[in-house]
Protein chains: 2
Amino acid sequence: MPEERPRRRQARGERRIAEILDAAAGVFAEAGFERATTNAIAAAAGISPGSLYQFFPNKAALAQALADRFVAEMAAAHRAAFDGTDFAALSVGEVADRVIDPILEFNLDNPGFKALFARPDMPSDLAAAAQPIQGALLGRVTAILAARVPGMPEPDRARSARVLIQIFQGMVPLVVSTPEPERPAVIAEVKRVLIGYLASIESLK
Amino acid sequence: MPEERPRRRQARGERRIAEILDAAAGVFAEAGFERATTNAIAAAAGISPGSLYQFFPNKAALAQALADRFVAEMAAAHRAAFDGTDFAALSVGEVADRVIDPILEFNLDNPGFKALFARPDMPSDLAAAAQPIQGALLGRVTAILAARVPGMPEPDRARSARVLIQIFQGMVPLVVSTPEPERPAVIAEVKRVLIGYLASIESLK
DNA sequence: TTAGATTACGAGTGATTGCTCGTATTCCAC
DNA sequence: GTGGAATACGAGCAATCACTCGTAATCTAA
């Protein structure tokens, strides 16, 4: 049975870990998770393969740590988008602006994010890492729906929240792949889609 | 310089090719493209690795052939969805039903499809194989928009067509992953989303 | 019938890649 | 200062996988 005493990191080590995660995000974004080699990540971080394995026991753990960091940053983006606002008092357009812009910006700033979380064969432990924010996001959208459409039956509300989230996440690739002069128009269309759906729900009384 | 004389296939060989493509679609769907090994595909087809390479020079060519078959079948699904209908004379609900159901059914029946075409690192030659149907789909949706909303400026029309397609394709994973008793309700929501967006475009006159 | 082509086999090969290990350097607590 | 821990190196190991090759069975055209 391995002792597995956690080593006491020096400041240098903490810095290295951050550098490795940065490098991994870049390589994942460029090559995709499978094609990304640990040696390439080490080279991108400016260290040797052996040094990389001083900090991460294997590639999966590296991916897990990067995922955890993404999740924490995404949670912050979600808090910025959702907290401290009375969504029942806003117009649908205002709701869309408040919620969509920061989350979209996060996706634009972190191309490695979807390389990790949108891959077809996501292992269960990575999905488990993403589950908290996914669940929290679902809860927040459901809460907005509950505040705005109180009469809606619970199953319908949960389903509509899932649909809203899926629309948004499904449109992210289109937004990201659209080059700059055209991008704001596409973002405006995304908002129109979500607003239209939200309005059609609210019009049911 | 290789002679590269195309060999004359026997009926048995044609059958084998179809069997290999079937097996590949299944293995791709289960394991994803990268994780799918050629030996596993051969085993699933009930043949040896060497026999597989009698028919396909490499894994990329196998993927290409499967993609071509999917594209042909998808094109047929598109024809069934679009041809012989005057979309200008239908209600938005009828348009949605006619277009969405057959294409959604194709995606449900062919789980290998998205394993090939939705992978993050799709090589350019695979994208080239998909381009004709993607282009044709874009043209068909644009034509429907042109028939229904004649006054719309061309750039807006093209953008809205792309958005409509992206909404649909972005929702496919949600539909596929929803188990059966619940699935029709999700499909109904997908249609409501598309109808809502279409109606909001048409309401602009 | 038979010669040549096609189909079939499966152990093996070369290349890739995640990861190790022996060793050297740097840091920090005492 | 000194000893132990943390950091760093990079050649190389073991496993995986796309693919090959020598050989044999089967089919088809004549």
Side-chain angles (χ1 to χ4, degrees), chain A residues 2-24 27-28 30-67 115-116 119 121 123 125-126, chain B residues 2-24 27-28 30-67 115-116 119 121 123 125-126:
Chain A
E3 255 313 297
E4 201 54 52
R5 179 171 42 87
R7 55 203 303 175
R8 310 181 356 137
R9 295 274 171 225
Q10 303 175 182
R12 181 171 44 144
E14 301 285 358
R15 247 178 288 131
R16 273 275 181 264
I17 289 177
E19 288 167 7
I20 292 170
L21 292 181
D22 292 342
V27 176
F28 286 158
E30 266 186 50
F33 178 80
E34 311 277 357
R35 294 275 206 244
T37 71
T38 54
N39 284 22
I41 293 169
I47 61 174
S48 75
S51 293
L52 190 154
Y53 283 89
Q54 295 278 349
F55 301 101
F56 301 101
N58 51 51
K59 188 182 179 180
L62 171 55
Q64 184 72 49
L66 180 60
L116 255 191
R119 66 200 172 104
D121 60 333
D125 44 0
L126 258 201
Chain B
E3 253 315 295
E4 201 53 52
R5 179 172 43 89
R7 56 203 305 175
R8 312 185 350 139
R9 296 272 171 227
Q10 303 178 358
R12 183 172 40 146
E14 302 285 359
R15 246 179 289 131
R16 273 275 180 266
I17 288 176
E19 288 168 7
I20 293 169
L21 292 182
D22 291 342
V27 177
F28 286 157
E30 265 186 50
F33 179 79
E34 312 277 358
R35 294 272 206 243
T37 71
T38 54
N39 284 23
I41 293 169
I47 62 175
S48 75
S51 293
L52 190 154
Y53 283 89
Q54 293 279 348
F55 301 101
F56 301 100
N58 51 52
K59 189 181 180 182
L62 172 56
Q64 185 71 50
L66 180 59
L116 255 191
R119 66 199 171 103
D121 61 332
D125 44 0
L126 258 201

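None of the values given here were measured: they were computed from a predicted structure. Note on naming: letters A, B, ... go to the chains in the order of the sequence lines (proteins, then strands), and numbering restarts at 1 for each one.
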Looking at the base of D:dA6, is there any donor atom on it, or on the side chain of A:Q10, that sits under 3.5 Å from an acceptor on the other one?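 Answer is no: no donor-acceptor pair is held.
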Answer yes or no: does a side-chain N or O of [X] lie under 4.0 Å from OP1 or OP2 of [N]?
X     : N      : answer
A:T38 : C:dG18 : yes
B:R35 : D:dT16 : no
B:S48 : C:dA8  : no
B:R8  : D:dT28 : no

For [X], which contact category applies under a 4.0 Å heavy-atom criterion: base, sugar-phosphate, or nothing?
X     : value
B:A42 : nothing
B:G13 : sugar-phosphate
A:N58 : sugar-phosphate
A:A36 : sugar-phosphate
A:I47 : sugar-phosphate

Starting at atom [atom1] of [X], determine the distance to atom [atom2] of [N], rounded to an integer number of angstrom.
X     : N      : atom1 : atom2 : value
B:R12 : C:dA5  : CZ    : C1'   : 11 Å
A:R15 : C:dT26 : CZ    : P     : 15 Å
A:Q54 : D:dC9  : CD    : C1'   : 9 Å
A:R9  : C:dC27 : CZ    : P     : 16 Å

A:T37 side chain: which of C:dT17, C:dC19, D:dA8 is closest?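 Nearest listed nucleotide: C:dT17.
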Please determine, for the side chain of A:Y53, which listed nucleotide (D:dA8, C:dT20, D:dA6) has the closest atom?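 My answer, after comparing the listed nucleotides, is C:dT20.
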Kindly compute the distance separating NZ (B:K59) from CG (B:L52), expressed to the nearest 0.5 Å.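 Going from the NZ atom of B:K59 to the CG atom of B:L52 covers 11.0 Å.
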From A:Q64 CD over to A:L66 CG, what is the distance, rounded to the nearest 0.5 angstrom?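 A:Q64 CD to A:L66 CG: 10.0 Å, rounded to 0.5 Å.
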Identify, between B:P49 and B:A11, the residue whose nearest nucleotide on DNA chain C lies closer to the 5' end.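 Mapping each residue to its closest nucleotide by heavy atoms, the 5'-most match is B:A11.
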